[in-house]
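On a predicted model such as this, the values are computed, not experimentally measured, just so you know. Atoms within a ligand are numbered from 1 in the order they appear, just like the ligands themselves.
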Amino acid sequence: MKKKIFSGVQPTGNLHLGNYLGAIKNFVALQNEKDNDCVYCVVDLHAITVKQDPKILKDNIRETTAAFLASGLDYKKSIIFNQSLVPAHSEGSWILGCIARMGWLNRMTQFKEKAGKDKEKASVGLYIYPILMAADILLYDSTHVPVGEDQKQHLELSRDIAQKFNLDFKTPDFLKAPEPLIQKNFARIMSLKDGTKKMSKSDPSDLSRINLTDKKDEIINKIKKAKTDNAALPFDDIELNKRPEVANLLGIYSSLNNQTLSKSINEFSGKNFSEFKHKLSDLVVQKISPISDEINRLKKDNDFIDKILKDGAEKADKITSKKVSEMKKIIGF
Ligand code: TYM
């Protein structure tokens, strides 16, 4: 069966190694598999659920697009566009918001994390954000959605919304419940400063993450300063699981090298950190520096990036405006 792939990344700056290993690397692999139809979206409507500086937002949209291309996405093979250029995402989101239940949204853990202690001050957009995400996915009849572990609950909500719409309107196959594609081992890359916290764009410490735009010296410095402990590298995964920072660094090494964690454990067991960090730095530089150089090159050509987004949006618009029209007919408009 032909796979229909959809995924998105927020243009909120500081795209990092977690976004790359948890999501974008997989986008590229799926694009290059035979017969897949892939749609990759710079989700700028999602970005404004928290305050954005209008001058910086546009740069971030272009930079995220540049990161897609620099990582290996090809606008001739995949549809690449930014969400705000395609009105059906907003329209579909409103309709699905009338299907989703408050109780479902109240369970979303990411809202609780992002809103923090003062929920009353969070935007309504942040609360209903998973509904927009459901519209993104369902408007393309997506069958598979590659994401990191943190988006799993939102994917389940998309499935619930699809099923309830189909049930309410007695249209059993109209909205397709998508399958999440979450990598088995490396779906959650952690902060370099705290192995129990996700690597995140919004962490105030730049040393907590490797940005896809980091230069060689910055990468080497960040890995040198990454938190570890004093013991030698572990001999097995039982010991590894008790040492989150070490598990994270070995996970990054394995994922970038396309090898299993146990192979990496064997490679370094009993060795000291300076030797491991040296090898890890070399590998990260080897994989990430070409992406960083290409992002910086593409960032100088706004016209090229804007044209890709516009062309992609035209293709996305054709697919989604048809789906929204069908939705409206079903509803009775
Ligand atoms: P966003 O922009 O926060 O992250 C983009 C992708 O990167 C993954 N990711 C990580 N993976 C592993 N380790 C990490 N530390 C890490 N941090 C982020 C995320 O899981 C995600 O796959 N709501 C989404 C964007 C979105 C979307 C969609 C995704 C909007 N509509 C429809 C799929 C389908 C988000 O905020 O991702």
In ligand 1, the atoms that come under 4.0 Å of a heavy atom of Gln10 are 2 (O), 35 (C), 36 (O)

Test side chain to side chain donor-acceptor pair (under 3.5 Å) on Thr213 and Asn211 and set out the steps. CA-CA 5 Å; Thr213 48; Asn211 298 307; 5.2 Å; no

Could you find the nearest protein heavy atom to atom 19 (C) of ligand 1 and give me its residue, atom name and distance? Asp150 OD1, 3.3 Å

Do any nitrogen or oxygen atoms of Gln151 lie less than 3.5 angstrom from nitrogen or oxygen atoms of ligand 1? yes

Distance-only, no hydrogens or angles: does the Asn248 side chain make a donor-acceptor pair with backbone N or O of Met190 under 3.5 Å? yes

Quick one: does Met327's side chain get under 4.5 Å of Leu96's, heavy atoms only? yes

Mind checking whether Pro146 has an N or O less than 3.5 Å away from an N or O of ligand 1? no

For Ile182 and Val147, run side chain to side chain contact (heavy atoms under 4.5 Å, CB included): C-alpha distance rounded to whole Å, both residues' side-chain angles, the deciding distance at 0.1 Å, then the answer. CA-CA 6 Å; Ile182 299 175; Val147 280; 4.0 Å; yes

Honestly, for His46 the part within reach of ligand 1 (heavy atoms, under 4.0 Å) is side chain

Do me a favour and list the nearest non-hydrogen protein atom to atom 31 (N) of ligand 1 with residue, atom name and distance? Asp136 OD2, 2.7 Å

Side chains of Lys279 and Phe268, heavy atoms from C-beta outward: is any pair under 4.5 Å? yes

Which residue holds the protein heavy atom closest to atom 1 (P) of ligand 1, what is that atom called, and what is the gap in Å? Lys201 NZ, 3.9 Å

Of the protein's non-hydrogen atoms, which lies at the shortest distance from atom 12 (C) of ligand 1, and what is that distance? Ala187 O, 3.1 Å

Checking a contact table here: which protein heavy atom is nearest atom 17 (N) of ligand 1, and how many Å away? His16 CE1, 3.6 Å

For the side chain of Thr49 and the backbone of His46, is there at least one donor-acceptor N/O pair under 3.5 Å apart? yes

Which bit of Ser200 is near ligand 1, meaning a heavy atom under 4.0 Å away: side chain, backbone, both or neither? neither

Considering only non-hydrogen protein atoms, determine which one is nearest to atom 6 (C) of ligand 1 and report residue, atom name and distance to 0.1 Å. Ala23 CB, 3.6 Å

Going by the order shown, which atoms of ligand 1 are within less than 4.0 Å of some heavy atom of Ser7? 29 (C), 33 (C), 34 (C)

Got a sec: does the NZ of Lys315 have more than 12 other heavy atoms crowding it under 6.0 Å? yes

Atoms of ligand 1 less than 4.0 Å from Val147 heavy atoms? 22 (O), 29 (C), 33 (C)

Hey, does the side chain of Lys193 reach the backbone of Lys225 with a donor-acceptor pair shorter than 3.5 angstrom? yes

Establish, yes or no, whether a centroid distance under 6.0 Å links the rings of His154 and Phe111. no

Atom 28 (C) of ligand 1 [closest protein heavy-atom partner, distance rounded to 0.1 Å]: Met133 CG, 3.3 Å

Looking only at protein heavy atoms, which one is nearest to atom 25 (C) of ligand 1, and what is the separation? Gly8 O, 3.5 Å

So with a 6.0 Å cut-off around NZ of Lys176, is the heavy-atom count from everything else above 12? yes

Which one holds for His154 and ligand 1: side chain close, backbone close, both close, or neither close, with close meaning a heavy atom under 4.0 Å? neither

What I want to check is whether the side chains of Gln153 and Thr109 have a donor and an acceptor closer together than 3.5 Å. yes

Is a side-chain donor-acceptor pair under 3.5 Å present for Gln83 with Asp136? yes

Within a distance under 4.0 Å of any heavy atom of Gly22, pick out the atoms of ligand 1 and give their elements. 11 (N), 12 (C)

Residue Tyr129 vicinity, atoms of ligand 1 by number, heavy atom under 4.0 Å: 23 (N), 24 (C), 35 (C), 36 (O)

Can you confirm whether more than 12 heavy atoms, excluding those of Lys112, are under 6.0 Å from its NZ atom? yes

Answer with side chain, backbone, both or neither: which part of Ile189 has a heavy atom less than 4.0 angstrom from an atom of ligand 1? both

With the threshold set at under 4.0 angstrom, would you say Met190 reaches ligand 1 through any of its heavy atoms? no

Check for a donor-acceptor pair, side chain of Asp311 on one end and backbone N or O of Glu314 on the other, with a separation under 3.5 Å. no

Where on Ile137 is there a heavy atom closer than 4.0 Å to ligand 1, on the side chain, on the backbone, on both, or on neither? side chain

Below 3.5 Å, N or O to N or O, backbone or side chain included: is there any such pair between Gly18 and ligand 1? yes

How does Asn19 reach ligand 1, by side chain, by backbone, by both or by neither, if only non-hydrogen atoms under 4.0 Å count? both

Just heavy atoms, cut-off under 4.0 Å: does Val145 contact ligand 1 by side chain, backbone, both, or neither? side chain

